[in-house]
2 protein chains.
Amino acid sequence: MNKSGERILSTLEHVGGFASAQEIHRAMVRDGKNIGLTTVYRGLQALIKENIVDILRRDDGEAIYRVCGDAHHHHLVCKKCGRTVEIEGGEIEKWALQEAAHYGFREVGHSAEIFGICSNC
Amino acid sequence: MNKSGERILSTLEHVGGFASAQEIHRAMVRDGKNIGLTTVYRGLQALIKENIVDILRRDDGEAIYRVCGDAHHHHLVCKKCGRTVEIEGGEIEKWALQEAAHYGFREVGHSAEIFGICSNC
DNA sequence: AACAAGAATGAAAATGATTGTCATTTTCAG
DNA sequence: CTGAAAATGACAATCATTTTCATTCTTGTT
Ligand SMILES: [Zn+2]
Ligand SMILES: [Zn+2]
Ligand SMILES: [Zn+2]
Ligand SMILES: [Zn+2]
């Protein structure tokens, strides 16, 4: 991994959870790191190839990245104000693995999100 | 559903499996149906809102659509070929309601998807 | 140090899916 | 028929991502 790769990874570790390439870039610029958006994209591609980060997709199709081995969790999101609570997956972790195994899938991952309206709204 | 919505749905049913908006449009034009790409996008959005079609994402982020039954269910999707199995949520239905209730959320919904690589790939 | 080869960088342009705009056409109730 | 409302589609705009390409850093060699 080269220097910019290390800085990207460090930023991704500090923001916690998922972040898009543009968000990572904004965070680095805000923190005084000098880096171009192109380099962020290239660095992320390299980190993916090295299996250091994961890539997923937001609902709108934007790519989001996270450090592999980050603590796995899920979200409970308010549809009105966006307030978000991080929650444990509990039994759905087992569910995902069992269903995938039942149909012969490997390299299994999953996404799950609960949405509703929070008590403040 | 309006006329173009029905034609889009009919096309999507005939191609089978997943198709992107652009693929659906190309198929319709090829088959002599006269429709604009914009209308295909709008029709698909309407069909999604009516829970008649599902939207997912290819690895490259392009949106793909497929006809979907009304009954609530989840998907097990192959990251490589897109093969999809409809599965029951099982225990995660309870999990979603319990977590939401625990944090005082109402009008609760959820999404959950398992992805991996199927036995053919 | 001087030099060259190759990798890394980033600004700007290109790409491509999706969405927004708006003038025109179609539908339909009165 | 007539006007209002909905639907349509060509075109422009948006936005994430990729490509290009000229410039700058690295690194090893003489
Ligand atoms: Zn709220
Ligand atoms: Zn989980
Ligand atoms: Zn497959
Ligand atoms: Zn469910």
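For the numbers below, each heavy atom of this structure counts, side chains included, while hydrogens, waters and symmetry mates do not. Every chain is numbered from 1 and lettered A, B, ... according to where its sequence line falls, protein lines coming before strand lines.
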Does the side chain of B:T39 get closer than 4.0 angstrom to OP1 or OP2 of D:dG9 through an N or O atom? yes

Just the rounded figure in Å: distance from P of D:dT24 to CG of A:N34. 14 Å

Counting only heavy atoms not in B:E88, do more than 12 fall under 6.0 Å of its CD? no

Specify the separation, in whole Å, of atom CD1 of A:I55 and atom P of D:dA16. 14 Å

Report the residue (B:Q22 or B:K3) whose heavy-atom-nearest nucleotide on DNA chain C is the more 5′ of the two. B:Q22

Need one value for A:S4: base, sugar-phosphate or nothing, where a base atom within 4.0 Å counts as base even if backbone is also close, heavy atoms only. sugar-phosphate

Using a strict cut-off of less than 4.0 Å between a Lys/Arg side-chain nitrogen and an Asp/Glu carboxylate oxygen, indicate whether A:E23 and A:R58 qualify as a salt bridge. yes

Flag the pair B:D54 and B:R66 as a salt bridge only when some basic side-chain nitrogen lies within less than 4.0 angstrom of an acidic carboxylate oxygen. no

Basic-acidic side-chain contact under 4.0 Å: A:K94, A:E99: no

Whole Å only: how far is the OH atom of B:Y41 from the C1' atom of D:dT14? 13 Å

Answer with base, sugar-phosphate or nothing: what part of the nucleic acid does A:N2 contact at a heavy-atom distance below 4.0 Å? sugar-phosphate

When all nucleic acid strands are considered with a 4.0 Å heavy-atom cut-off, which category describes A:E23: base, sugar-phosphate, or nothing? nothing

Going 5' to 3' along DNA chain C, between which two nucleotides do contacts with chain B fall, using a heavy-atom cut-off of 4.0 Å? C:dA17 to C:dT27

Which residue lies more 5' along DNA chain D, comparing A:Q45 with B:R7 via nearest heavy atoms: B:R7

Decide whether A:S111 and B:E113 meet the rule of one side-chain donor and one side-chain acceptor closer than 3.5 Å. no

What is the nucleic acid contact for B:D60, judged by heavy atoms within less than 4.0 Å: base, sugar-phosphate only, or nothing? nothing

What's the CZ-P distance between A:R42 and D:dC25, to the nearest Å? 15 Å

Fit a plane to each ring of B:W95 and A:H74, take the angle between them on a 0 to 90° scale, and name the class: parallel (under 30°), tilted (30 to 60°) or perpendicular (over 60°). perpendicular

Inter-residue atom distance A:K49.NZ - A:L44.CG, 0.5 Å rounding: 12.5 Å

Residue closer to the 5' end of DNA chain C, A:G5 versus B:E62 (nearest nucleotide): A:G5

